[in-house]
Amino acid sequence: MNNNDVLKRLRYTFNFSDQQMISLFEEAGKTVNRSEVSNWLKPEKDEEFKMLYDKDLAYFLNGFIMLKRGKDPNREMKAESKMNNNLVLRKLKIALNYKDTDMLEVLDLADFRMGKGELNNFFRAPSHPKFMKCKDQILRNFLMGLQLKHRPKEQN
């Protein structure tokens, strides 16, 4: 999935205003303005559309973690310069304080079934023999499940 799609889905799911989006970036140490956020959220065909870089998505997700879990004074969160679906999934798991069963329930809401062991393979170190890359389909279904969980009335 591209970074802009992840940002759009999270904004919609958690009903973030422009100001809340800006605050999430700032909480993680990135200063952005309303115009930048707006351009990241525009459709790709729009001439003002701008791609969201990996590091910027990392800042947003770090801000989301701080919003949901609080800032850890003993640990500085650094924005990764390279993001992938595994990292996005991990950061969402941390932010929402989900256990593997919670994540499986969210995937189930999107009619996507997988086993606990299979899910845990996404969180292993890349050097581990059972490590699996998180494909777009899995991340897309997880984000859809989050949307169904946090905005259920709007799905009817």
Side-chain angles (χ1 to χ4, degrees), residues 1-17 20-30 32 36-37 40-41 43-44 49-72 74-152 154-155:
M1 281 187 76
N2 79 42
N3 296 337
N4 297 67
D5 289 339
V6 172
L7 188 71
K8 288 176 197 176
R9 286 177 180 237
L10 291 173
R11 177 194 171 107
Y12 177 77
T13 299
F14 295 99
N15 201 22
F16 292 134
S17 67
Q20 287 171 313
M21 299 280 289
I22 292 167
S23 295
L24 289 174
F25 279 101
E26 287 177 354
E27 186 69 29
K30 169 86 174 167
V32 298
E36 284 177 296
V37 171
W40 288 327
L41 298 170
E44 284 187 46
F49 170 82
K50 298 283 186 221
M51 284 299 293
L52 180 66
Y53 296 117
D54 285 352
K55 191 161 190 157
D56 293 331
L57 179 61
Y59 276 116
F60 175 79
L61 291 171
N62 288 348
F64 186 54
I65 290 170
M66 289 179 209
L67 170 74
K68 294 292 191 179
R69 304 276 307 258
K71 194 169 188 172
D72 185 352
N74 300 322
R75 186 171 174 213
E76 182 183 340
M77 292 185 77
K78 292 187 178 179
E80 294 83 351
S81 57
K82 288 281 187 197
M83 290 291 291
N84 59 41
N85 292 346
N86 294 64
L87 274 172
V88 172
L89 205 59
R90 173 176 279 140
K91 286 180 178 286
L92 291 173
K93 179 181 179 183
I94 292 167
L96 298 168
N97 201 22
Y98 277 1
K99 306 222 178 311
D100 51 6
T101 53
D102 301 318
M103 296 188 77
L104 292 172
E105 286 174 16
V106 167
L107 285 165
D108 196 41
L109 288 172
D111 291 326
F112 191 85
R113 314 266 185 291
M114 74 174 10
K116 208 185 253 193
E118 192 177 5
L119 176 69
N120 288 329
N121 289 338
F122 299 133
F123 304 110
R124 298 185 188 281
S127 60
H128 192 280
K130 291 192 175 186
F131 170 79
M132 279 179 38
K133 280 184 135 182
C134 179
K135 296 193 182 325
D136 287 349
Q137 176 189 18
I138 295 162
L139 182 57
R140 196 174 342 231
N141 279 296
F142 184 75
L143 291 171
M144 178 54 70
L146 283 178
Q147 184 177 323
L148 292 167
K149 181 175 180 161
H150 292 276
R151 293 188 80 148
E154 294 166 29
Q155 302 306 315

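Keep in mind that what you see is a predicted model, and the values were worked out from it rather than measured. The first residue in the sequence is number 1, and the count goes up from there.
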Could you give the distance from CG (Leu89) to CE (Met103), rounded to the nearest 0.5 Å? 4.0 Å
I'd like to know whether CZ of Phe131 has more than 12 heavy-atom contacts from other residues, nucleotides or ligands below 6.0 angstrom. yes
Tell me whether the centres of the aromatic rings in Trp40 and Phe25 are closer together than 6.0 Å. yes
Spell out, as yes or no, whether a donor-acceptor pair under 3.5 Å connects the side chain of Asp54 to the backbone of Met83. yes
In Å, rounded to the nearest 0.5 Å, how long is the span from NZ of Lys82 to CG of Leu87? 12.0 Å
Indicate the atoms forming the closest heavy-atom contact of Pro43 with Phe49, along with that distance. O-CB, 3.4 Å
Once you measure the plane-to-plane angle for Phe14 and Phe64, does it fall in the parallel (<30°), tilted (30-60°) or perpendicular (>60°) bin? tilted
Evaluate the side-chain proximity of Asn121 to Arg124: yes if any heavy-atom separation is below 4.5 Å, no if none is. yes
With a 4.5 Å cut-off on side-chain heavy atoms, are Asn97 and Arg69 touching? yes
Distance (rounded to the nearest 0.5 Å) between Asn62 CG and Lys55 NZ: 10.5 Å
Interatomic distance, Lys68 atom NZ to Leu24 atom CG [nearest 0.5 angstrom]: 9.5 Å
Any donor-acceptor pair under 3.5 Å from Asn4 side chain to Leu52 backbone: yes
Does any N or O in the side chain of Asn86 come within less than 3.5 Å of the main-chain N or O of Met132, such that one atom is a donor and the other an acceptor? yes
Side chains of Val88 and Met1: does their closest heavy-atom pair fall under 4.5 Å? no
Nearest heavy-atom approach of Phe122 to Lys133 is CE2-O, 3.5 Å
Whether the side chain of Arg11 engages the backbone of Met21 through a donor-acceptor N/O pair (distance < 3.5 Å, no angle test) should be reported. no
Which heavy-atom pair separates Val106 from Lys149 by the least distance, and what is that distance? CG2-CD, 4.2 Å
Can you measure from NZ (Lys116) to OG1 (Thr101) and round to the nearest 0.5 angstrom? 6.0 Å
Going from CE on Met144 to CG on Leu139, what distance comes out if it is rounded to the nearest 0.5 angstrom? 12.0 Å
Looking at side-chain heavy atoms only, is the closest gap between Leu92 and Leu143 below 4.5 Å? yes
For a 4.5 angstrom cut-off between non-hydrogen side-chain atoms, does Asp100 reach Phe123? no
Heavy-atom nearest pair, Gly63 first then Ala28, reads N-CB, 3.6 Å
Does the side chain of Leu96 reach to within under 4.5 Å of the side chain of Asp102, using non-hydrogen atoms? no
Is there a side chain to side chain contact (heavy atoms under 4.5 Å, CB included) between Asn3 and Asp56 once you walk through the steps? CA-CA 9 Å; Asn3 296 337; Asp56 293 331; over 6 Å; no
Do Asp108 side-chain atoms and Leu104 backbone N/O form a donor-acceptor pair below 3.5 Å? no
For the pair Asn141 (side chain) and Ile138 (backbone), establish whether a donor and an acceptor sit closer than 3.5 Å, ignoring hydrogens and angles. no
What are the two closest heavy atoms between Arg151 and Asn15, and how far apart are they? NH1-OD1, 3.7 Å
Can you give me the closest heavy-atom contact between Met114 and Glu118, atom names plus distance? CB-OE1, 3.5 Å
Residues Lys30 and Glu36 bridged, charged N to O under 4.0 Å: no
Hey, does Tyr98 have a side-chain heavy atom less than 4.5 Å from the side chain of Leu146? yes
Could you check whether any side-chain heavy atom of Ile94 comes within less than 4.5 Å of a side-chain heavy atom of Leu61, counting everything from C-beta outward? no
Do the side-chain N and O atoms of Lys135 and Asn85 include a donor-acceptor pair separated by under 3.5 angstrom? no
Over 12 non-hydrogen atoms of neighbours within 6.0 angstrom of NZ in Lys8: yes
